[in-house]
Amino acid sequence: MAKKDTVIALTKRGINEETAALLVNTFGSMSAIADAGMEALIEAGLTEESAKDVTAAIGKRRRPSTAKKPAAQAEDVPDAPAAPVFEEVTHVREYTPMESKLISIGEKLGVDLPLKIYVDIAAKIENADESLITDDVCEKLVARAAEMFQSHLMDRNESAGIMAAHSIGEPGTQMNLRTFHFAGDSFVSVTKGLPRLIEIVDARREPSTPSMTVPLLGLAKEDEGLAKRIASDIEITTLANVAEIETDVTNLVLYIKPIPELLKDKGIEFDDVVDRLSKIKALKGQVQAEDFRIKVSSSEPSFKKLQQMSDAVRNAKIKGIDGINQAFIKREKDGTFTIITDGSNLKEILKVEMVDAANVMTNSICEIADVLGIEAARNAIVREAYSTLEEAGLNVDIRHIMMVADLMTNDGTVRAIGRHGVSGKKSSVLARAAFEITTAHLLHAAIIGETDGLEGVTENIIVGQPVTLGTGAVNLQYTPKKKGDNE
């Protein structure tokens, strides 16, 4: 386990960061800290009270015991819960005849290509005329693919991280500062350009303009009326959207008059409105239906209570999904319909009937991580960053973006590229100090006695010595010949 990971593990157990760093620098690993006794911890610089806290938080490492417990003692121990049974699921890919043919040709030529390249080539020529796709043509295709693949590989000890940073950062300075781009027929505002790129690398919990693209299935994607009905069910509808609300200050009463046309458009019945208001805690027992009007009386002779009731009534949710402020229909080029939303709620949208759940897209990357997992979030970062740069007319190799996405998600969470994320968690003191809050980093490192191995680029440049990349990663040694050595 790397030192920074050990520090993180210790802080998660309630040990403060300075003490954790001191322990790691003194003992090295978690197991060594667990095996150290109270005296060793105090000698390392901890107070007696701190040493007790560390011992209680970590505990002594348990070693497996071969001794059998007495039968009487075993009877007193309650049955432990059964361990979960995990089933290994293996999906073996069945190759198409063309894929098998290309793979065998690759083995014959002795080339090492990823499976995806064989699959992509096979997909391109699968439906071509068989008389044109001869064995010689397939062999030339594989040989050319291998040549191109080798030419695109990074050299050993190449500074891949610096290349990725430069390839994204330099074109990023030429991006426009458009904040909004209007997408769809009904003009849903979506952040694009440089502000969107900053949102992505900062791993914002919520984007400034959350939006979703919701494809439909079956009849819904072809029938505009049904698509509008689904959009209406998705879009959150409050009482203020479908009714007129009047406040009688004299009698401390609210009168709600639902508008029939709006109720019909939203597919809402009058009784649905009454039931929903009756379930609101602030209005419980105060809702009365009168013809096609609803009366809400105040339980207290107070203007403050009346105002609270008015706010609760106006914001009362009648139907829809939380977070989806608006939903619009967009006609695609092939004549099918897609729903574009203002707002995002991926978890609930996936439950809606006649929605193509496999192809639902949202621009909220952290939400994707919460619902679908970290791999899906990693792919979302690549897609969003690449499309943002592409829309600005900038051509950046996708492998650079993939490296950034891998770095942001390699610990199972979506981390920002900044002092609160990737840059702030570097193991090098000088690298952290060179980024932000220099004095604080250096002072903290001096207090706990942190050392820097000078393994990265930034710290070596600061101290003025060659970087261990490229030619700097090679050391030459010369052994002079001794006298009498004829070799």
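Start at 1 with the first residue, then count along the sequence. Note that these values count all heavy atoms, side chains included, but never hydrogens, waters or copies made by symmetry. Predicted model, so just to flag it, every value in this text is computed and none were measured.
The residues Lys124 and Asp120 are annotated as not salt-bridged, no charged nitrogen and carboxylate oxygen being separated by less than 4.0 angstrom.
Remark: Glu235 pairs with Lys266 by the salt bridge (charged side-chain N to carboxylate O under 4.0 Å, His left out) rule, at least two apart or across chains. When the salt bridge (charged side-chain N to carboxylate O under 4.0 Å, His left out) test is applied to Lys52, the partners found at least two apart in sequence or on another chain are Glu48. Shown here are the side-chain contact (heavy atoms from CB on, under 4.5 Å) partners of Ser104, two or more places apart in sequence or in another chain: there are none. For Ile117, the side-chain contact (heavy atoms from CB on, under 4.5 Å) partners at least two apart in sequence or on another chain are Leu113, Pro114, Ile121, Ala145, Phe149.
In this structure, Met163 CE and Leu469 CG are separated by 12.0 Å, a value rounded to the nearest 0.5 Å. Distance check: Leu109 CG to Lys140 NZ gives 12.5 Å after rounding to the nearest 0.5 Å. Rounding to the nearest 0.5 angstrom, the gap separating the CD1 atom in Ile105 from the NZ atom in Lys101 is 6.0 Å. Here CG of Leu23 is found 5.0 Å from CD1 of Ile33. Values are rounded to the nearest 0.5 Å. Of the inter-residue distances, the one linking Thr191 atom OG1 with Asn363 atom CG reads 8.0 Å to the nearest 0.5 angstrom. Between Leu394 atom CG and Tyr386 atom OH the span is 11.0 Å, to the nearest 0.5 Å.
Minimum interatomic distance between Arg415 and Leu407 (heavy atoms only, all atoms of both residues): NH2-O, 3.1 Å. Residue Val429 comes nearest to Ala445 through the heavy atom pair CG1-CB, 3.5 Å, listed as atom of the first residue, atom of the second, then distance. Considering all non-hydrogen atoms of both residues, Arg399 and His152 come closest at NH1-O, 2.6 Å.
When atom types are taken as modelled, the side chain of Asp202 and the backbone of Arg204 share no donor-acceptor pair closer than 3.5 angstrom. At least one donor-acceptor pair closer than 3.5 Å links the side chain of Ser428 to the backbone N or O of Ala431. Glu99 places a side-chain N or O within donor-acceptor distance of the main-chain N or O of Thr96, the cut-off being under 3.5 Å. In this structure a side-chain-to-backbone donor-acceptor pair under 3.5 Å is missing from Asn241 to Thr237. At distances below 3.5 Å, not a single donor-acceptor pair connects side-chain atoms of Asn345 with backbone N or O atoms of Gly323. Proximity of a side-chain donor or acceptor of Ser302 to a complementary backbone N or O of Lys304 within less than 3.5 Å is detected. In this structure, the side chain of Asn359 does not engage the main chain of Pro215 through any donor-acceptor pair within 3.5 Å.
Each side-chain hydrogen bond (donor to acceptor under 3.5 Å, both in side chains) pair with one or both residues in residues 368-381, not counting sequence neighbours, appears once here: Arg205-Asp370, Arg378-Asp406. Counting only residues at least two apart or in different chains, salt bridge (charged side-chain N to carboxylate O under 4.0 Å, His left out) contacts with residues 439-456 comprise Arg432-Glu450.
For Gln465, the CD atom sits in a packed shell: over 12 heavy atoms of surrounding residues, nucleotides or ligands are nearer than 6.0 Å. Environment of CE in Met154: crowded, with over 12 heavy atoms of neighbouring residues, nucleotides or ligands closer than 6.0 Å. Within 6.0 Å of NZ in Lys317 there are more than 12 heavy atoms belonging to other residues, nucleotides or ligands. Within 6.0 Å of NZ on Lys305 lie more than 12 heavy atoms contributed by other residues, nucleotides or ligands. Counting non-hydrogen atoms of neighbouring residues, nucleotides and ligands closer than 6.0 angstrom, the CD atom of Glu353 reaches no more than 12 such neighbours.
Of the residues listed (Thr458, Thr438, Val463), the one engaging Leu430 in a side chain to side chain contact (heavy atoms under 4.5 Å, CB included) is Val463, and it is the only one.
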Ser211 and Asp342: CA distance, side-chain angles, deciding distance, side chain to side chain contact (heavy atoms under 4.5 Å, CB included) verdict: CA-CA 5 Å; Ser211 178; Asp342 176 12; over 6 Å; no

Residues Gln326, Thr341; criterion side chain to side chain donor-acceptor pair (under 3.5 Å); working and verdict: CA-CA 6 Å; Gln326 290 179 300; Thr341 70; over 6 Å; no

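There is no side-chain donor-acceptor pair under 3.5 Å between Ser344 and Ser364.
For the pair Ile318 and Thr238, the minimum side-chain heavy-atom distance is 4.5 Å or more.
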